[in-house]
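A quick write-up on the structure given underneath.
Excluded from the calculations below are hydrogen atoms, water molecules and symmetry mates; all remaining heavy atoms, backbone and side chain alike, are included. Proteins come first, then strands; the chains are lettered A, B, ... in the order of their sequence lines, and each starts at number 1.
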Amino acid sequence: MALSKDEILAGLAELVNEETGIAAESVLLEKSFTDDLDIDSISMMTIVVNAEEKFDVKIPDDVVTSLKTVGDAVNFIVAAQA
Amino acid sequence: MTQPLREPVGALHSRILGLGAARGDLNVTNDEIIEPINSSDEWIRQRTGIIERKRASANVTATDLAEQAGREAIEAAGITPDQIDLVIISTISAPNRTPSMAAVVADRLGANPAPAYDISAACAGYTYAIAQADSAIRSGLAHYVLVIGAEKLSDFIDPTDRSISFLLGDGAGAAVLGPSETPGVSKAVWGSDGSRHEVIRFTQTDNDFRNGVTDEVPTLRQEGPSVFRWAVWDMAKVAKQALAEAGITSDDLAAFIPHQGNIRITEEFAKQLGLPEHVVIARDIVHTGNTSAASIPLATHALLHEHPELHGGLALQIGFGAGLVYGAQVVVLP
């Protein structure tokens with residue numbers, strides 16, 4: 001069964017925390033991965049690969065570069081689950 | 001009736017008998033290259049693990065580095081240059097398209113008239129050449145093979161490029177392989193994916209530059225995050241296949257020697273493989289930089305110098321890079 005937006009946000013926040021140590025509570029929909037959370041491109045890719053496994057979706061390389069905010073990623077995963 | 005042809009009979013096994021290394025004579029620190037990329041020592045260390053890279057002076061060619069590394073490897077193998085009956089060099093930075101670097105190096109080392117040729121398999125080239133050398137020895141085509149990965153990548157850098165130039169270094173690593181009574185090189189797991197040739201590429205062709213289509217000298221670029229994903233997760237599968245082909249598990253390894261492309265690749269790769277704590281991981285990139293085909297033999301050479309207890313142990317080596325191409329095998333360390 002598809003996960004809700006809130007569940008995906010919580011799961012993604014967990015992955016961000018595991019990779020970077022950033023507190024899960026700071027991972028909010030409006031936050032920019034680079035400007036607000038200071039996540040570099042390599043850590044971002046690690047989070048993406050782990051998110052693919054966790055949510056059973058495919059996130060191609062060209063999509064990764066378009067995911068500017070946490071909300072972008074959550075929305076993509078919501079749509080990809082459908 | 002036609003007389004049946006005589007076929008060569010090879011050795012049962014091959015192994016690496018000796019290694020050689022030559023690094024660029026210039027030690028280039030992060031501070032020396034950060035200005036044109038508007039970066040910092042910390043930024044480079046954090047993203048790549050590199051503290052400094054070795055680069056060669058203008059008058060030193062990749063051929064010179066190959067010669068130096070090859071000479072040491074022959075001496076370490078305990079044979080004489082005239083016993084070498086095959087020379088294979090992997091390079092993407094030969095001074096000329098032809099003649100091959102291998103023919104010149106064979107002659108300089110005293111291995112003339114050994115057959116000699118260059119291969120182009122970028123950062124996987126050393127593993128490709130090791131596979132060929134092993135096959136040549138076991139098929140009877142050759143007895144002692146000199147394999148070299150040699151690069152002068154500083155010829156292809158753009159100081160303002162933030163994708164790959166700041167990673168690159170110059171060097172050559174060499175191995176002499178010969179017949180062995182016990183297995184010393186496992187079957188290679190190797191392959192290519194040319195559909196992704198643009199992930200690591202030159203900015204333009206030599207011809208476009210020569211014909212004035214562009215006034216920029218061709219230099220290297222990469223899509224860093226895409227390379228990272230492929231180099232870790234796809235290559236971890238290849239590495240596991242190589243272990244299976246060798247009939248061993250990671251518990252049997254003494255060392256893990258991946259292409260030295262980025263320390264973040266190495267660390268995540270090791271994590272994905274779940275290597276036991278006793279496995280020593282090569283991190284030569286920290287002081288040498290990324291030297292493409294030379295990186296695995298250079299890292300192996302350094303590892304054996306730092307950890308003499310690894311002699312005779314099993315090492316998983318894996319190369320991956322532009323093509324895309326990849327190759328992995330398990331070798332017995334000399």
Side-chain angles (χ1 to χ4, degrees), chain A residues 8-9 11-24 26-27 29 31-81, chain B residues 30 37-50 161-164 166-167 193 195-201 221-239 258-274 283 285 290 320 324:
Chain A
I8 290 170
L9 174 62
L12 193 60
E14 210 173 280
L15 295 178
V16 169
N17 173 262
E18 281 168 18
E19 171 63 19
T20 64
I22 295 167
S26 313
V27 183
L29 290 174
K31 297 278 185 183
S32 156
F33 286 111
T34 51
D35 299 341
D36 299 325
L37 301 176
D38 199 25
I39 294 174
D40 68 33
S41 58
I42 287 180
S43 288
M44 182 67 186
M45 196 52 95
T46 306
I47 293 163
V48 162
V49 174
N50 290 333
E52 283 186 332
E53 193 179 333
K54 189 172 193 130
F55 302 116
D56 193 24
V57 294
K58 287 278 170 223
I59 310 175
D61 290 356
D62 55 342
V63 170
V64 177
T65 50
S66 71
L67 302 177
K68 304 297 180 199
T69 66
V70 174
D72 292 341
V74 169
N75 289 337
F76 181 86
I77 294 166
V78 167
Q81 276 193 137
Chain B
N30 291 338
I37 53 174
N38 189 25
S39 185
S40 68
D41 175 45
E42 190 195 351
W43 188 88
I44 294 177
R45 286 189 194 214
Q46 195 181 29
R47 279 161 181 76
T48 71
I50 297 173
D161 162 47
R162 289 167 66 95
S163 77
I164 193 168
F166 62 101
L167 301 167
D193 179 6
S195 73
R196 304 192 67 197
H197 63 275
E198 292 202 333
V199 176
I200 308 168
R201 64 183 186 279
R221 292 291 186 279
Q222 71 170 347
E223 309 295 335
S226 295
V227 171
F228 176 71
R229 178 180 345 209
W230 174 75
V232 173
W233 286 275
D234 289 16
M235 290 305 99
K237 291 176 198 156
V238 171
H259 162 55
Q260 302 289 291
N262 185 321
I263 204 80
R264 301 272 293 271
I265 292 175
T266 299
E267 303 298 355
E268 190 63 37
F269 202 143
K271 197 170 134 191
Q272 294 302 318
L273 288 180
R283 295 183 175 89
I285 190 170
N290 176 345
F320 41 83
L324 297 171

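- The environment of CG in A:Asp56 is sparse: at most 12 heavy-atom neighbours from other residues, nucleotides or ligands sit within 6.0 Å.
- Side-chain atoms of B:Arg196 and A:Asp61, non-hydrogen and from C-beta on, do get closer than 4.5 Å to each other.
- At least one side-chain heavy atom of B:Arg229 sits less than 4.5 Å from a side-chain heavy atom of A:Val64.
- Side-chain contact between B:Val232 and A:Met45 is absent, with no heavy-atom pair separated by less than 4.5 Å.
- At a 4.5 Å heavy-atom cutoff, A:Glu53 makes no contact with chain B through either its backbone or its side chain.
- For A:Thr46, the parts lying under 4.5 angstrom from a heavy atom of chain B are both the backbone and the side chain.
- Heavy atoms from other residues, nucleotides or ligands lying under 6.0 Å from CG of A:Asp38 number 12 at most.
- Using a 4.5 Å cut-off on side-chain heavy atoms (C-beta onward), A:Asp40 and B:Arg47 make contact.
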